[in-house]
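My questions will all concern the structure given below.
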Amino acid sequence: MGVTKEDVEAAITSALSPSHLVVTDTSGGCGASYEIEVVSEKFEGKRLLERHRLVNTALAPHMAEIHAVSIKKALTPAQAQPQPEPAADKPQA
């Protein structure tokens, strides 16, 4: 079998120490395609392209067996915090 979801999670966890990580196998179980959401302090001060490079570098040992990686989110902990919703216009009584 190819790369497992657990292999991808272990590689990213080892390299980036994420506070949040979701890896989804989108290949139907063969391990050839993954979607990734990751939150890490190691992304602080980095542009999006640099963040993606960090994820790709973490996965480098497995990339020969992975057909596609889609990094859906690569956020800092501050960016991952829920944003307060704007107050809805409420009629005053």
Side-chain angles (χ1 to χ4, degrees):
M1 184 172 166
V3 178
T4 66
K5 174 184 169 189
E6 290 76 18
D7 293 334
V8 173
E9 290 171 341
I12 293 172
T13 298
S14 176
L16 300 175
S17 304
S19 58
H20 174 76
L21 176 62
V22 176
V23 176
T24 305
D25 183 345
T26 57
S27 67
C30 74
S33 179
Y34 292 94
E35 285 186 355
I36 298 169
E37 294 181 15
V38 59
V39 177
S40 175
E41 289 181 2
K42 294 192 178 186
F43 293 150
E44 292 287 349
K46 304 258 191 297
R47 292 179 167 172
L48 183 60
L49 180 60
E50 294 171 301
R51 295 173 187 192
H52 284 217
R53 285 182 179 153
L54 288 171
V55 174
N56 286 326
T57 298
L59 296 175
H62 302 292
M63 288 307 286
E65 298 180 65
I66 296 175
H67 174 71
V69 172
S70 176
I71 304 168
K72 294 296 187 183
K73 294 182 184 177
L75 305 173
T76 66
Q79 291 171 323
Q81 294 298 316
Q83 300 300 315
E85 301 219 6
D89 291 330
K90 295 180 183 176
Q92 295 183 344

With clusters defined by side-chain heavy atoms of hydrophobic residues (ILVMFWY) lying less than 4.5 Å apart, directly or transitively, does Leu21 cluster with Val39?
no

Restricting to non-hydrogen atoms, name the atom on Arg51 and the atom on Ala74 that form the minimum distance, rounded to 0.1 Å.
NH1-O, 2.9 Å

Evaluate the side chain to side chain contact (heavy atoms under 4.5 Å, CB included) criterion for residues Val8 and Asp25: first the C-alpha distance (whole Å), next the side-chain angles of each, then the deciding distance (0.1 Å), finally the verdict.
CA-CA 10 Å; Val8 173; Asp25 183 345; over 6 Å; no

Gap separating the OG1 atom of Thr13 from the CD atom of Glu6, nearest 0.5 angstrom
11.0 Å

To the nearest 0.5 Å, how far apart are CD1 in Ile12 and CD in Glu37?
11.5 Å

Which heavy-atom pair separates Ala15 from Lys42 by the least distance, and what is that distance?
O-NZ, 3.1 Å

Using modelled atom types and a 3.5 Å cut-off, is there a donor and acceptor pairing between side-chain atoms of Ser14 and backbone atoms of Ala10?
no

Does atom NE2 of His67 have more than 12 heavy-atom neighbours from other groups under 6.0 Å away?
no

Quick check on the hydrophobic clustering: are Phe43 and Leu48 connected, directly or via other members, by side-chain heavy-atom contacts under 4.5 Å?
no

Can you tell me how far the OG1 atom of Thr4 sits from the CD atom of Glu9, to the nearest 0.5 Å?
8.0 Å

Could you report the tightest heavy-atom contact between Tyr34 and Thr26, atom names first, then the distance?
N-OG1, 3.7 Å

According to a 4.5 Å side-chain heavy-atom criterion applied to Ile, Leu, Val, Met, Phe, Trp and Tyr, with indirect links allowed, do Leu16 and Leu75 form part of one hydrophobic cluster?
no

Sub-4.5 Å side-chain heavy-atom contact between Lys73 and Val22
no

Please report the closest heavy-atom contact between Glu41 and Pro77, naming both atoms and the distance.
CG-CG, 3.6 Å

For Ala58 and Ala11, work out which heavy atoms get closest and say how close.
O-CB, 3.5 Å

List the steps, then state whether side chain to side chain contact (heavy atoms under 4.5 Å, CB included) holds for Val38 with Val23.
CA-CA 8 Å; Val38 59; Val23 176; over 6 Å; no

Got a second to check how far His62's NE2 is from Asn56's CG, nearest 0.5 Å?
12.5 Å

Val3 and Leu59, any side-chain heavy atoms less than 4.5 Å apart
no

